[in-house]
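Heads up, the thing below is written out as structure tokens.
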Amino acid sequence: MEKTEFCEQVRDLWSRPFDLSLILQQDPFYARITPSEGARLIKKAATLGQKQARWYRQHTEELQELMATLHLRHLPEAKEGQRFYTFAEFNKQDQISLDWGLLEKAQSFMDSNHLDLTGVPLSELVLMHEVFHAVEYKKNLWTTEKHLQYQIAFMKKSVRVYGLSEIAASCFVQEFFHLTNAPALLEVCLLYPKNPQLAVQKLAFFLGKEASEIY
């Protein structure tokens with residue numbers, strides 16, 4: 001797929017309502033969740049993220065105090081052609097690590113191709129996504145709990161569904177910055193400078209198509 005066509009597809013994607021279940025589908029425990037239970041969990045996670053964003057918009061001093069406790073670190077810049085990418089991560093020691101090199105290249109790609117979809121720098125969006133993860137641990141939010149119970153033979157398991165945390169984080173960022181769509185969609189732009197093929201595959205996934213359908 002040519003770059004210009006990819007960018008047109010991204011604009012089309014951004015103009016469509018985003019199905020949050022696409023985030024949950026990427027969780028390893030998704031197959032164990034019934035459709036009705038999935039819909040309930042998604043709604044609860046989305047509402048939680050939105051409520052936290054509204055609270056912090058109204059309590060800016062608390063947000064500033066939280067940000068002051070966090071330590072920013074650099075992740076080694078990802079290489080081209082990798083199968084998996086980590087743009088940022090939060091650990092429970094109040095440390096947020098960002099791949100600044102990748103973020104800069106993705107921002108340059110979006111700027112040069114007139115993909116100003118949010119009016120907010122990518123680095124700020126990614127940082128606030130990780131800030132939500134700090135919030136959920138500091139406040140022991142529902143997204144840190146175990147949400148799913150299942151049984152293997154005679155063993156009962158309880159697990160945390162991390163996809164719900166990602167849904168809440170995406171909704172937190174969208175609500176905080178008043179975005180017109182889910183920032184999770186911008187993953188395709190983060191991927192493109194390093195691995196265009198993988199970015200197209202993710203774009204197709206978000207569009208509900210096979211990659212071959214949009215090439």
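Atom set for the values below is all heavy atoms of this structure, side chains included, hydrogens, waters and symmetry mates excluded. Because the structure is predicted, anything quoted here is derived from the model rather than measured.
A distance of 6.5 Å separates CG in Leu103 from OG in Ser123, rounded to the nearest 0.5 Å. Once rounded to the nearest 0.5 Å, the distance linking CG of Leu13 with SG of Cys7 reads 12.5 Å. Distance check: Leu24 CG to Phe29 CZ gives 12.0 Å after rounding to the nearest 0.5 Å. To the nearest 0.5 Å, the span separating CD1 on Ile167 from CG on Leu22 amounts to 9.5 Å.
In this structure Thr60 satisfies the side chain to side chain contact (heavy atoms under 4.5 Å, CB included) test with no other residue, sequence neighbours excluded. Residues passing the side-chain hydrogen bond (donor to acceptor under 3.5 Å, both in side chains) test with Arg32, sequence neighbours excluded: none.
Between the side chain of His147 and the backbone N or O of Glu145, at least one donor-acceptor pair lies under 3.5 Å.
Across all non-hydrogen atoms, the minimal contact from Pro183 to Gln174 is CD-CB, 3.8 Å. In plain terms, the two heavy atoms of His133 and Ala169 that are nearest each other are CE1-CB, 3.9 Å.
Here the two rings, on Phe176 and Tyr56, have centers that are 6.0 Å apart or farther.
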Only distances under 3.5 Å count here; give the side-chain donor-acceptor pairs of residues 42-53 to other protein atoms, sequence neighbours excluded, each with its distance to 0.1 Å.
{"residue": "Thr47", "atom": "OG1", "partner": "Lys43", "partner atom": "O", "Å": "2.9"}
{"residue": "Gln52", "atom": "OE1", "partner": "Lys139", "partner atom": "NZ", "Å": "2.9"}

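Annotation: Tyr162, atom OH; neighbour count of heavy atoms from other residues, nucleotides and ligands within 6.0 Å does not exceed 12. For Glu61, the CD atom sits in a loose shell: 12 or fewer heavy atoms of surrounding residues, nucleotides or ligands are nearer than 6.0 Å.
Taking the six-membered ring where tryptophan is involved, the planes of Phe18 and Phe206 are perpendicular, since the angle between them exceeds 60° and thus also 30°.
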